[in-house]
Amino acid sequence: MTTRFRFPRAMRVVSTRDFRRVYREGSRARGSLMTVAVAPNGLPHSRLGLSVGRAVWKKAVRRNRVRRVFREAFRLEQHELPAGLDVVVIGSVPRVEPELEATRRELRQLTAKAWRRYREKAER
RNA sequence: CGAGAGGACCGGGCGGUCGCUCCCGGAGCGCGAGCUCCGGGGGAGGAAAGUCCGGGCUCCGCGGGUCAGGGUGGUUGCUAACGGCAACCGGUCGCAAGGCCCGGGAAAGUGCCACAGAAAACAAACCGCCUCCUCCGGGAGGUAAGGGUGAAACGGUGCGGUAAGAGCGCACCGCGCCCCCGGUGACGGGGGUGGCACGGCAAACCCCACCUGGAGAAAGACCAAAUAGGGGGGCGGGCGACGACCCGCGCCUCUCGUCCCCGGGUAGGUCGUUGGAGGCCGGGCGCGAGCCCGGUCCCAGAGAAAUGGCCGCCCCCCCGCCCCUUCGGGGGCGGGGGACAGAAUCCGGCUUACAGGUCCUCUCGCGCC
RNA sequence: GCGGGCGUAGUUCAAUGGUAGAACGUCAGCCUUCCAAGCUGAACGCGUGGGUUCGAUUCCCAUCGCCCGCU
């Protein structure tokens with residue numbers, strides 16, 4: 001049985017309430033391509049939320065490109081990431097042109113880093 | 001062959017693989033909304049953009065009138081409508097094909113025209129020119145051809161005429177008015193006449209003609225947790241509002257009285273939401289924009305927002321190395337690049353951005369037959 | 001997605017269609033033993049491209065950039 005890389009809508013953070021919860025309670029980690037914010041979601045799987053605003057690119061095409069690369073990176077890395085998290089990927093770097101492999105690497109590192117910070121905060 | 005003009009169109013192709021979303025069919029799970037799997041099908045643009053116009057649609061209670069405000073500006077058409085388009089007229093640029101033009105009114109009124117200049121719009125006269133007078137300093141009168149200023153100076157050129165001159169007279173051109181002819185019309189052509197009157201600016205106020213209510217899908221309709229206790233309807237009276245006023249009808253936000261009823265609504269969800277002034281093919285009408293008839297097709301519907309990622313081959317462009325060459329170029333290998341740009345209620349236009357490429361028609365020049 | 005508004009010196013703002021000004025800042029000189037303050041002087045420009053006009057920062061059109069409001 002080969003590992004599947006499905007990515008249905010249920011694996012997306014969609015509602016405004018969930019976004020607000022991650023921003024308020026979650027922990028963050030910033031890298032050269034993105035900022036990652038995480039918080040547990042109480043589900044058996046992790047979910048992805050995207051936030052790529054006009055500060056990244058003024059043209060809608062370029063923003064869509066950034067979102068697609070981020071989304072593809074999450075799809076391919078979903079089994080390597082901790083389960084049961086809401087992962088909000090924020091486009092925080094103006095005029096980024098992300099490469100897929102670099103994005104996968106950074107997503108993995110930043111998610112682990114943010115998740116570690118969350119657990120340290122929870123212990124205190 | 002070269003130079004150029006106008007128009008129509010395409011916007012990388014094929015395959016593999018991992019995904020997303022919607023629709024249809026089937027199977028499984030679940031009380032159910034639904035979820036999962038399998039198969040089939042659809043899935044960005046010519047500008048989806050800017051939001052500059054016009055319309056559909058929805059709400060603001062409906063209809064009518066006058067005004068205010070806003071818009072348009074050659075004519076005739078096309079259209080659901082338009083500030084769009086077509087044909088034509090006029091002006092202007094080009095040898096031409098053709099291009100460009102916010103192209104009504106300045107004898108309804110108001111305003112502005114800096115500086116310079118004598119004078120800037122209604123007539124006047126700085127230097128001049130001419131005649132006469134003179135105490136030789138100049139003065140009176142005639143004149144607007146010449147000078148100079150200016151973006152613009154009171155018709156232009158020539159001849160006659162005169163003291164010097166002047167439409168003072170004549171010819172041609174321009175301009176105004178009248179008549180005739182052609183055209184639906186803008187306007188064009190011809191004839192007569194006037195003796196020049198009417199400087200420019202209306203993307204200055206304005207006048208004229210025509211058009212025009214406001215908001216916008218976050219419009220709007222429905223279902224409906226948690227929380228909070230209020231909320232709704234009928235009848236009668238009063239005040240008042242939707243740019244202003246008026247008329248007719250309708251209605252009640254607000255408030256008072258009274259009677260009756262149990263719903264209202266945030267988060268969230270569903271609808272609106274994709275079948276339409278629709279695409280393609282054929283025929284007919286029209287110079288054309290377009291219109292009519294018949295056949296055929298269903299062709300994106302997301303929602304923190306799908307239409308993507310990776311790989312291979314082909315196509316086009318650029319660079320490097322090597323080989324061949326009839327010096328025009330051809331071939332091989334490697335590397336890089338392939339525009340502008342992403343639907344969000346829909347449609348008709350306009351505008352702006354854009355690598356490269358295809359097709360059609362026309363003009364001018366050169367050569368050959 | 002929709003609706004509004006604004007672009008003028010380095011900065012904050014003015015200006016009827018007729019030479020673009022003010023304050024602060026910058027630079028130079030004077031003054032002072034030196035600095036500051038003060039005085040004098042200078043440089044610095046209408047977002048961009050067209051059009052109307054004799055003439056445009058001003059009027060008209062297009063374009064670029066920025067800001068605000070509406071669930």
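In the text below, chain A, chain B and the rest are named by the order of the sequence lines, each starting its count at 1.
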Quick check on C:C66: is either OP1 or OP2 less than 4.0 Å from any side-chain nitrogen or oxygen of A:Lys58?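 Checking A:Lys58 against C:C66: at least one side-chain N or O falls below 4.0 Å of OP1 or OP2.
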Is any side-chain nitrogen or oxygen of A:Arg12 closer than 4.0 Å to OP1 or OP2 of B:C20?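 No, A:Arg12 has no side-chain N/O under 4.0 Å of OP1/OP2 on B:C20.
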Proximal nucleotide (of [options]) relative to the [X] side chain:
X        : options                : answer
A:Leu100 : B:G309, B:G303, B:A304 : B:G309
A:Arg67  : B:G308, B:A305, B:C20  : B:A305
A:Arg75  : B:A304, B:U307, B:C18  : B:C18
A:Arg6   : B:C37, B:A304, B:U307  : B:C37
A:Arg9   : B:A305, B:G309, B:C18  : B:A305
A:Arg4   : B:G19, B:A305, B:G309  : B:G19

Taking for each residue the nucleotide of RNA chain B with the nearest heavy atom, is it A:Asn64 or A:Val69 whose nucleotide lies nearer the 5' end?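 Final value for this comparison: A:Val69.
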Considering only the [atom1] atoms, how many Å lie between [N] and [M], rounded to the nearest integer?
N      : M      : atom1 : result
B:G30  : B:U36  : C1'   : 11 Å
B:G111 : B:A121 : C1'   : 14 Å
C:C59  : B:C205 : P     : 12 Å
B:C281 : B:G11  : P     : 16 Å
B:A48  : B:A341 : P     : 15 Å
B:A119 : B:A124 : C1'   : 7 Å
B:G150 : B:C126 : C1'   : 16 Å
B:U17  : B:G275 : P     : 33 Å

Are side-chain heavy atoms of A:Leu81 and A:Trp115 found at a separation under 4.5 Å?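 SC-SC contact between A:Leu81 and A:Trp115 ruled out.
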A side-chain contact here means heavy atoms from C-beta on lying under 4.5 Å apart; do A:Leu100 and A:Leu76 qualify?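 A:Leu100 vs A:Leu76: side chains touch.
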Residues in contact with RNA chain B, drawn from residues 21-48 of chain A - heavy-atom cutoff 4.0 Å: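 Contacts with RNA chain B under 4.0 Å: none.
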For [X] and [N], what is the distance between atoms [atom1] and [atom2] respectively, to the nearest whole Å?
X       : N      : atom1 : atom2 : value
A:Phe74 : B:A304 : CZ    : P     : 17 Å
A:Arg62 : B:G308 : CZ    : C1'   : 16 Å
A:Trp57 : B:A341 : CH2   : P     : 11 Å

Could you let me know what B:G109 is paired to, Watson-Crick or G-U wobble, both distances under 3.5 Å, or none if it's on its own?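 Partner of B:G109: B:C205.
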B:G182 - base-pair partner by Watson-Crick or wobble geometry, distances under 3.5 Å: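 Because both required distances fall under 3.5 Å, B:G182 counts as paired with B:C187.
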Whether A:Arg117 and A:Glu120 form a salt bridge (side-chain N of Lys/Arg under 4.0 Å from carboxylate O of Asp/Glu) is what I want to check.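 Salt bridge absent between A:Glu120 and A:Arg117.
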Cationic N near anionic O, under 4.0 Å, A:Arg65 to A:Glu97: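 Not counted as a salt bridge, because no side-chain N and carboxylate O are separated by less than 4.0 Å.
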Test of understanding: with side-chain hydrogen bond (donor to acceptor under 3.5 Å, both in side chains), list the residues that count as partners of A:Ser46, not counting sequence neighbours.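 Testing A:Ser46 for side-chain hydrogen bond (donor to acceptor under 3.5 Å, both in side chains), a comparison that skips the adjacent residues, returns none.
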A:Val88 reachable from A:Leu85 in the ILVMFWY side-chain graph, under 4.5 Å edges: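 No; tracing contacts between hydrophobic side chains, which count when under 4.5 Å, never links both residues.
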Any link between A:Ile90 and A:Val87 through a network of hydrophobic side chains (Ile, Leu, Val, Met, Phe, Trp, Tyr) touching at under 4.5 Å?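 No.
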Is there aromatic stacking of A:Phe7 against B:G19, centre distance under 5.5 Å, plane angle under 30°?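 A stacking contact does not exist, since A:Phe7 is not both close and nearly parallel to the base ring of B:G19.
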Considering residues, nucleotides and ligands other than A:Arg30, do more than 12 of their heavy atoms fall under 6.0 Å from its CZ?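 Incorrect, the count does not exceed 12.
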Can you check whether any acceptor in the base of B:G342 is under 3.5 Å from a donor in the side chain of A:Arg65, or vice versa?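 Check fails, no donor-acceptor contact within cut-off.
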